[in-house]
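To start, the structure itself, in structure tokens.
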Amino acid sequence: MSRRNAIGLGGLVLAGAAAASIAGCARKPEETDLYEGYTKLDDASYDASDFVLISDVAPDVIQEIRYFGTYNFVGEHIDGYLEPVAILCKQAAEALKDASDAAVAAGYRLKIWDAYRPQRSVNHFERWAEDVNDTRMKSYFYPDLDKSVLFDQGYIDHRSGHSRGATVDLTLFDMATGKEIDTGGPFDFFGELSHPDYMDITDEQYANRMILRDIMVGAGYTPLDTEWWHFRLADEPYPETFFDFPNCADAVK
């Protein structure tokens, strides 16, 4: 399967466990306990009162939540993603709305791959990285790396800024062409190709990366020097708090 086709299918493929979780999360709060069967972690917060759905704040944003499906570097649905929705704290969502408006004015729409990420999702990444024999997605996401180096080189860690609710992974969708912009490298690729200032790409691909960067920085976000798609709200409100409420609409309603 080509990388492009896999990307198109990935957001639609659900693991059985994920499908079962969605049914529970979509019910009215009085019909079920949101945390039924959801073992809480001791080192995380479950207060989602300051979080919102991106679709409620910035409806122009396209969402393709990769960790809800199976086309990601793990190759399976990721724990904690009960619905394919993007969530951020209110301040980050409001700043993203500014970025979305700027993108639309320039002929684009933002397209999100990930936003808030529960701590248990990060724990899932850790367990996967420890299993060095599971390399089913190597050819797509880390073809030039041995899986054993992912911790040492910082690709996998026990904490993620996404779990603080003010970080987003995204690209631009070009309204003129009806396609994502060409950035010269795919989302979640482990390697120098993903560095925003990587120069062994075409002038157009580099320029596209800078268009995205300028839009996000203009809205108050800070880029990451190893991932062209990754942006954190500069003035994030919870710099020391990691959250673990499930990624679904009922958690923030």
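Note that these values count all heavy atoms, side chains included, but never hydrogens, waters or copies made by symmetry.
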Item checked: Glu192 atom CD, neighbour heavy-atom count above 12 within 6.0 Å -> no
Margin query: Taking Glu236 first and then Arg232, would you say they form a salt bridge - that is, a charged N and a carboxylate O separated by under 4.0 Å?
Written below: yes
Checklist line | Closest heavy-atom pair and its distance - Ala93, Val57 | finding: O-CG1, 3.6 Å
Next item on the list: Go through the steps for Tyr67 and Asn247 under the test side-chain hydrogen bond (donor to acceptor under 3.5 Å, both in side chains), then give the verdict.
Entry: CA-CA 10 Å; Tyr67 301 134; Asn247 192 82; over 6 Å; no
Margin query: Ring centres under 6.0 Å, that's the criterion: do Phe68 and His77 meet it?
Written below: yes
Next item on the list: Check whether any side-chain heavy atom of Leu233 sits under 4.5 Å from a side-chain heavy atom of Thr167, and report yes or no.
Entry: no
Note to self: Check this for me: does any side-chain nitrogen of one of Arg117 and Asp169 sit under 4.0 Å from a carboxylate oxygen of the other?
What the structure shows: yes
Check: Does Trp228 have its ring centroid less than 6.0 Å away from the ring centroid of Tyr198?
Finding: no
Margin query: Salt bridge or not between Glu240 and Arg164? Use side-chain N to carboxylate O under 4.0 Å.
Written below: no
Next item on the list: Please lay out, stage by stage, how Tyr221 and Val168 fare under the test side chain to side chain contact (heavy atoms under 4.5 Å, CB included).
Entry: CA-CA 9 Å; Tyr221 279 83; Val168 62; 4.0 Å; yes
Next item on the list: Decide whether Val61 and Leu172 are clustered together by the hydrophobic rule: side chain heavy atoms of Ile, Leu, Val, Met, Phe, Trp, Tyr closer than 4.5 Å, transitively.
Entry: yes
Notebook entry, point to check: Do Asp131 and Arg127 sit within salt-bridge range, that is, some charged N less than 4.0 Å from a carboxylate O?
Noted result: no
Item checked: Cluster link Phe151 to Val132, ILVMFWY, side chain under 4.5 Å -> no
Checklist line | Distance-only donor-acceptor check, side chains His124 and Glu76, under 3.5 Å | finding: yes
Notebook entry, point to check: With a 4.5 Å limit on heavy-atom distance, are the side chains of Ser49 and Val252 in contact?
Noted result: no
Check: Do Ser45 and Asp47 meet the criterion of a side-chain donor-acceptor pair at a distance under 3.5 Å?
Finding: no
Next item on the list: Check the pair Asp114 / Trp229 against side chain to side chain contact (heavy atoms under 4.5 Å, CB included), numbers first and verdict last.
Entry: CA-CA 10 Å; Asp114 194 34; Trp229 57 81; over 6 Å; no
Check: Under 3.5 Å, side chain of Thr226 to main-chain N/O of His195, donor-acceptor pair present?
Finding: no
Notebook entry, point to check: Would a 4.5 Å heavy-atom cut-off, applied to side chains only, mark Ile87 and Leu53 as touching?
Noted result: yes
Check: If we only count heavy atoms from C-beta on, is the Leu110 to Ile62 side-chain gap below 4.5 Å?
Finding: no
Next item on the list: Check whether any side-chain heavy atom of Tyr71 lies under 4.5 Å from a side-chain heavy atom of Arg66, and answer yes or no.
Entry: yes
Notebook entry, point to check: Under 6.0 Å between ring centres, would you say that holds for Tyr155 and Phe141?
Noted result: no
Notebook entry, point to check: Side-chain contact, heavy-atom cut-off 4.5 Å: Leu170 with Phe231?
Noted result: yes
Check: Under 3.5 Å, is there a donor-acceptor pair linking the side chains of Asp188 and Tyr140?
Finding: no
Notebook entry, point to check: Do Tyr46 and Phe243 have ring centres separated by under 6.0 Å?
Noted result: no
Next item on the list: Flag the pair Phe51 / Phe245 as yes when their ring centroid distance falls below 6.0 Å, and as no otherwise.
Entry: yes
Next item on the list: Inspect the contact between Asp56 and Lys253 and indicate whether a charged nitrogen and a carboxylate oxygen are less than 4.0 angstrom apart.
Entry: yes
Margin query: Has Lys147 got a side-chain atom pairing as donor or acceptor with Asp134's backbone, closer than 3.5 angstrom?
Written below: yes
Margin query: Any donor-acceptor pair under 3.5 Å linking the side-chain atoms of Tyr38 with those of Arg120?
Written below: yes
Next item on the list: Would you check if the distance from the ring center of Tyr142 to the ring center of Phe73 is below 6.0 Å?
Entry: no
Check: Quick one: does Pro246's side chain get under 4.5 Å of Tyr35's, heavy atoms only?
Finding: yes
Check: Val217 and Pro223: which non-hydrogen atoms are nearest, and at how many Å?
Finding: CG2-CD, 3.8 Å
Note to self: Donor-acceptor check, side chain of Asn72 to backbone of Gly69, threshold 3.5 angstrom: yes or no?
What the structure shows: yes
Check: Does a side-chain heavy-atom distance below 4.5 Å link Arg209 with Ile181?
Finding: no
Check: So, are Asp144 and Lys138 salt-bridged, with charged N and O less than 4.0 Å apart?
Finding: no
Margin query: Under a 3.5 Å distance rule, please check whether Arg109 uses its side chain to pair with a backbone N or O of Phe173 as donor and acceptor.
Written below: no
Next item on the list: May I ask you to decide if Leu224's main-chain N or O and Glu227's side chain share a donor-acceptor pair within less than 3.5 Å?
Entry: no
Check: Is the ring centre of Tyr116 less than 6.0 Å from the ring centre of Tyr81?
Finding: no
